[in-house]
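Below is one structure, written out as structure tokens; the observations come after it.
Hydrogens, waters and symmetry mates play no part in the numbers below; they use all other heavy atoms, side chains included. Along the sequence shown, residues are numbered consecutively beginning with 1.
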Amino acid sequence: MEPRDLSAHVAYEAGRGVEEVARELGLDPDSLVKLSSNENAYGPAPKAAEAIREYAPNVHTYPKSSAADLREALAERWAVTPSQVWLANGGDGALDYLARAMLDPGEGVLVSRPGFAYYAMSARYHHGTVSEYPIRKSDDFEQTAAGVLQHYDGERIVYITSPHNPSGSEMSLSEVEKLADAADEGTLVVVDEAYGEFSDSPSAVALAEERDDVAVLRTFSKAYGLAGVRLGYAVVPGEWADAYARVNTPFAASEIACRAGLAALDDPAHVEKTVEGARWARQYMYDELDCHTWESSGNFVLCEVGDGTAVAEAAQREGVIVRDTTSFGLPECVRVTCGTREETKRAVEVLNELL
Ligand code: PMP
């Protein structure tokens, strides 16, 4: 007995966890600064943590009304209809639903390199094939429609990450529109705005409202601090929004996730504090790190350190965990998540000692 041929599939490499590293190095987990997974430096939205405690006694029932309430609240937030909000187990889950809804076996998707690994993984699970377009360091990771179209060959889904992980660059709405206009009628442009709250640019949800070929991905993992809860969603065009009912895993987001999401939406002060903190940390890193950095619209900064693996390993021995970006195809860089002031200062101090 064997699983199907998974030789083209690769395992997702998450940033290393505090417990894992502490155990390996024989250190106290509390002494470590973890800036490797773009998590929220300020914890979960307090109202969400409260809701999780409050609704714990209710988890013996399926999450029906809470999911409906959350879809409604998000629809209001984005001025779309509830059916256009596809709740999922994290943004990753929403990517799966989009692939399920779009891909026939053997159809292609186009992803960026460097880029977020899960687009390709999800497409392969759904029997799709994967092609790449470059986002070039030599162009400061600039993202344009022309840059994507040069490598476009009628793929069914084109993924745009804006803000882009790991560089922090963006694609403007006018370029997204140009791309969607130039692509075939049957091509869906997915704009991944997992880091959207940290950017000053307008969301592509406006395009998902106007046209039938742009969908937007958002998550509660970053600015709302709910990465451990697993809650994300896609906003899709009204024309085919009802496909959700045919592709979603029953009860796509848990009762706890839905309640936490509703409470987090009602806690704007936490998002403001998080975004303010990230702004400060980005600027501090640009100003203080003794290496080249790129301006980022996310809650992280890409830093050119020479040998990313060596620097990440050495920093870890000093108790600071950053992301080696070798697996993204950038072996000369590390990505540093925006921490609290104290964490960010410590990371900069350690990295500067190593540079
Ligand atoms: N898109 C991008 C670009 C990401 O970096 C991540 C998480 N690291 C996600 C989507 C998915 O996040 P989640 O599943 O936690 O919502």
Side-chain angles (χ1 to χ4, degrees), residues 15 33-45 48 74 77-78 90-92 94 112 114-116 118 135 140-143 159-173 175-176 190-206 216-229 231-235 261 264-265 267-289 293-303 322-323 325 328 333-341 343-345 347-348:
V33 173
K34 188 196 176 202
L35 300 176
S36 55
S37 297
N38 299 343
E39 290 155 338
N40 191 314
Y42 303 94
L74 287 167
R77 151 91 179 75
W78 293 110
D92 296 338
S112 72
F116 182 52
Y118 198 68
I135 296 183
D140 286 331
F141 302 100
E142 186 189 25
Q143 298 198 66
Y159 297 92
I160 302 299
T161 318
S162 185
H164 177 249
N165 177 13
S167 72
S169 76
E170 294 186 278
M171 182 182 278
S172 69
L173 278 199
E175 289 296 303
V176 175
V190 174
V191 185
D192 179 348
E193 296 181 352
Y195 301 98
E197 288 84 358
F198 301 102
S199 154
D200 294 325
S201 308
S203 168
V205 166
V216 177
L217 189 83
R218 307 283 299 205
T219 182
F220 283 86
S221 294
K222 310 297 177 183
Y224 294 95
L226 297 178
V229 157
L231 181 64
Y233 58 98
V235 181
L265 288 177
D267 202 345
H270 187 70
V271 177
E272 275 163 35
K273 174 178 162 180
T274 301
V275 170
E276 264 316 299
R279 275 205 192 107
W280 176 88
R282 289 190 312 224
Q283 193 61 47
Y284 186 83
M285 287 194 257
Y286 308 150
D287 293 345
E288 301 297 329
L289 273 170
T293 53
W294 284 268
E295 272 198 29
S296 167
S297 299
N299 66 338
F300 52 85
V301 171
L302 186 68
C303 316
V322 298
R323 180 71 189 256
T325 52
F328 286 90
C333 298
V334 296
R335 188 195 66 197
V336 186
T337 301
C338 297
T340 59
R341 288 188 183 217
E343 288 169 338
T344 306
K345 285 180 180 173
V348 166

Donor-acceptor check, side chain of R218 to backbone of G91, threshold 3.5 angstrom: yes or no? no

Pairwise side-chain contact, F141 with P114, heavy-atom cut-off 4.5 Å (strictly under): yes

Is T325 reaching over with its side chain to a backbone N or O of F328, donor-acceptor style, under 3.5 angstrom? no

Note: E197-K222 ion pair, threshold 4.0 Å (strictly below): no

Is any side-chain heavy atom of L302 closer than 4.5 Å to a side-chain heavy atom of T293? no

Could you tell me which non-hydrogen atom of S297 sits nearest to which non-hydrogen atom of P163, and how far apart they are? O-CG, 3.3 Å

If you apply the rule side chain to side chain contact (heavy atoms under 4.5 Å, CB included), what do you find for F198 with V271, and how did you get there? CA-CA 9 Å; F198 301 102; V271 177; over 6 Å; no

Quick check: closest heavy atoms across Q143 and E175, and the distance to 0.1 Å? O-CG, 4.5 Å

Where do Y42 and T274 come nearest, in terms of heavy atoms and distance? CD1-CA, 3.9 Å

What distance separates S167 OG from I135 CD1, expressed to the nearest 0.5 Å? 6.0 Å

Excluding sequence neighbours, so at least two apart, what forms side chain to side chain contact (heavy atoms under 4.5 Å, CB included) with E343? V33, L35, A41, T340

Is R279 salt-bridged to D200, cutoff N-O under 4.0 Å? yes

Heavy atoms, side chains only, cut-off 4.5 Å: are V301 and W294 in contact? no

Can you find a side-chain donor-acceptor pair between N38 and Y195 that sits under 3.5 Å? yes

If you take all heavy atoms of G168 and F300, which pair is closest and at what distance? N-CE1, 3.6 Å

dist M285:CE -> W280:CH2 (nearest 0.5 Å) comes out at 8.5 Å

With rounding to the nearest 0.5 angstrom, report the CD1 to CD distance, I160 to E170. 12.5 Å

Output yes when a side-chain donor or acceptor of E193 lies under 3.5 Å from a complementary backbone atom of S203, and no otherwise. no

Verify side-chain hydrogen bond (donor to acceptor under 3.5 Å, both in side chains) between D192 and T161, making sure each step is shown before the conclusion. CA-CA 5 Å; D192 179 348; T161 318; 4.8 Å; no

Mind checking the CG-CZ spacing from L226 to F220? Nearest 0.5 Å is all I need. 7.5 Å

Does a side chain donor of either N165 or R335 reach within less than 3.5 Å of an acceptor in the other side chain? yes

Would you say the side-chain atoms of T344 pair up with the backbone N or O of G339, donor to acceptor, closer than 3.5 Å? yes

Would E288 and K345 pass as an ion pair if we require N to O under 4.0 Å? no

For the backbone of H164 and the side chain of S162, can you confirm whether one donor and one acceptor N or O come within less than 3.5 Å of each other? no

Which pair of non-hydrogen atoms, one from A94 and one from L217, has the smallest distance, and what is that distance? CB-CD1, 3.4 Å

Grab the two heavy atoms, one from S199 and one from S201, that are nearest each other, plus how far apart they are. OG-N, 2.9 Å

Are the side chains of Y233 and W78 in touch, meaning some heavy atoms are under 4.5 Å apart? yes

Among D267, N40, L265, exactly one meets side-chain contact (heavy atoms from CB on, under 4.5 Å) together with Y224. Which residue is that? L265

Donor-acceptor under 3.5 Å (S36 side chain, R323 main chain): no

State whether the side chain of S296 and the backbone N or O of G298 hold a donor-acceptor pair below 3.5 Å, judged by distance alone. yes

